Amino acid sequence: MSYVLSDHIGTDVRERILVIAERLFREIGYQKTTVVDIAKALQMSPAYVYRFFDSKKSINAGVARRLMGEVEQASQAIATSRGSAAGRLRKLLTTVHEMNSARYVSDSKMHDMVAVAMEENWDVCKAHMEFITGLIADVIASGVASNEFHVPDAGAAAMCTCAAMVRFFHPQLIAESANKPGPTLDQMIDFVIVGLGGPDLASEYKRKAR
């Protein structure tokens, strides 16, 4: 019982550290935030914080993992919901874009954290991208099974979809592309869905373009 209680307390403390770290990253910026700042805000000693995270880098990885987990949870709920494959795919792609924009792009102080996370914690980012790609593949496969989509390989189609959506998925590209010419989010999703489907979807795409 004592081990279970200890594990529970440890998990709670780790979560508190990540919540405060994220708040400070947003308030004063990732580069300016120190472990001492995080410990002070938590009324802990830096040594106690280091019992749960061995470096600021590992705290950053934890914050990134936490934020990405929220996107994954919302995306999974959409992928496993009822409705047409095209409708679920549209909602999933839109949600990933909107959540990444809200978490990383609308707050300029989080840009440093994102850049460092992608440099120093690539495994965290890679696992997240693989998870999202897997969900997209599941939705596409369900569309193939219902004769809604017509592609020979759902996994390859999902990777192509993510490549097409990178401008709307990647936090830094979202920010950089904001005021540059290019397709809108809805236009790109329309294009992707038509590429996955048959004549009916192509006709609908043409109708909307008029």
Side-chain angles (χ1 to χ4, degrees), residues 18 21-33 56-57 59-79 86-140 151 153-196 205 208-209:
L18 295 178
E22 181 188 340
R23 193 194 80 194
L24 292 176
F25 292 167
R26 292 187 183 279
E27 289 178 355
I28 63 178
Y30 172 75
Q31 299 293 356
K32 293 182 179 179
T33 301
K56 181 181 169 183
K57 174 182 173 180
I59 294 175
N60 184 25
V63 172
R65 176 66 259 166
R66 185 170 173 273
L67 293 171
M68 291 173 186
E70 293 172 355
V71 178
E72 291 170 6
Q73 186 176 10
S75 298
Q76 187 165 37
I78 294 166
R88 284 181 287 132
L89 183 60
R90 179 179 297 280
K91 188 173 180 181
L92 195 163
L93 299 179
T94 300
T95 296
V96 172
H97 168 73
E98 290 179 345
M99 291 186 77
N100 282 350
S101 295
R103 278 157 178 70
Y104 308 117
V105 180
S106 61
D107 191 334
S108 60
K109 286 190 174 64
M110 292 298 280
H111 279 293
D112 285 346
M113 194 211 80
V114 174
V116 173
M118 297 197 74
E119 270 184 44
E120 296 184 348
N121 305 302
W122 178 245
D123 287 345
V124 173
C125 298
K126 182 181 177 183
H128 172 68
M129 290 187 291
E130 289 175 348
F131 185 87
I132 295 297
T133 302
L135 290 180
I136 292 171
D138 290 343
V139 175
I140 293 173
V151 291
D153 186 330
M159 288 190 286
C160 290
T161 297
C162 288
M165 294 297 299
V166 67
R167 174 174 176 164
F168 300 96
F169 279 7
H170 192 298
Q172 290 175 306
L173 292 180
I174 294 172
E176 291 172 5
S177 304
N179 298 313
K180 293 182 180 178
T184 65
L185 175 65
D186 285 336
Q187 287 171 337
M188 183 55 77
I189 294 175
D190 285 342
F191 183 80
V192 167
I193 290 175
V194 169
L196 295 169
Y205 180 75
K208 290 175 67 175

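Because the structure is a prediction, the values reported are computed rather than measured. Below, each value reflects all heavy atoms present in this structure, side chains not excepted, and no hydrogens, waters or symmetry copies.
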Here the pair of heavy atoms bringing Val151 nearest to Gly195 is CG1-O, 4.4 Å
Can you measure from CZ (Arg65) to CG (Asn60) and round to the nearest 0.5 angstrom? 13.0 Å
Rounded at 0.5 Å granularity, tell me how far CE in Met68 sits from CD1 in Ile132. 10.0 Å
Side-chain donor or acceptor of Arg88 paired with backbone N/O of Ile78 under 3.5 Å: no
OG1 of Thr161 to CD1 of Ile189, rounded to nearest 0.5 Å, is 10.5 Å
Over all atoms of both residues, closest heavy-atom pair of Ala154 and Ala137: CB-O, 3.7 Å
Leu185 and Met165: CA distance, side-chain angles, deciding distance, side chain to side chain contact (heavy atoms under 4.5 Å, CB included) verdict: CA-CA 9 Å; Leu185 175 65; Met165 294 297 299; 3.7 Å; yes
Could you report the tightest heavy-atom contact between Leu196 and Ala157, atom names first, then the distance? CD2-CB, 3.8 Å
To the nearest 0.5 Å, what is the distance between CG (Leu173) and NZ (Lys180)? 9.0 Å
Within a 6.0 Å radius of atom CE on Met188, are there more than 12 heavy atoms belonging to other residues, nucleotides or ligands? yes
Between Leu24 and Thr33 the two heavy atoms that sit nearest each other are O-OG1, 3.4 Å
Sidechain-backbone polar pair: Lys56 side chain, Tyr30 backbone, donor-acceptor under 3.5 Å: yes
Which residues pass the side chain to side chain donor-acceptor pair (under 3.5 Å) test with Glu130, sequence neighbours left out? none
Separation between CZ (Phe168) and SG (Cys162), nearest 0.5 Å, reads 13.5 Å
Begin with the C-alpha distance, continue with both residues' side-chain angles, and end with the deciding distance and a verdict on side chain to side chain contact (heavy atoms under 4.5 Å, CB included) for Val192 and Arg90. CA-CA 9 Å; Val192 167; Arg90 179 179 297 280; over 6 Å; no
Side chain to side chain, Phe169 and Met129, heavy atoms closer than 4.5 Å: no
All salt bridge (Lys or Arg N to Asp or Glu O under 4.0 Å) counterparts of Arg167, not counting sequence neighbours: none
How long is the span from the CG atom in Asp138 to the OG atom in Ser75, to the nearest 0.5 Å? 12.0 Å
Where is the tightest heavy-atom contact between Pro183 and Gln187, given as atom of each residue plus distance? CA-OE1, 3.3 Å
Assess whether side chain to side chain contact (heavy atoms under 4.5 Å, CB included) is satisfied between Ile140 and Ile136, documenting all intermediate values. CA-CA 6 Å; Ile140 293 173; Ile136 292 171; 3.8 Å; yes
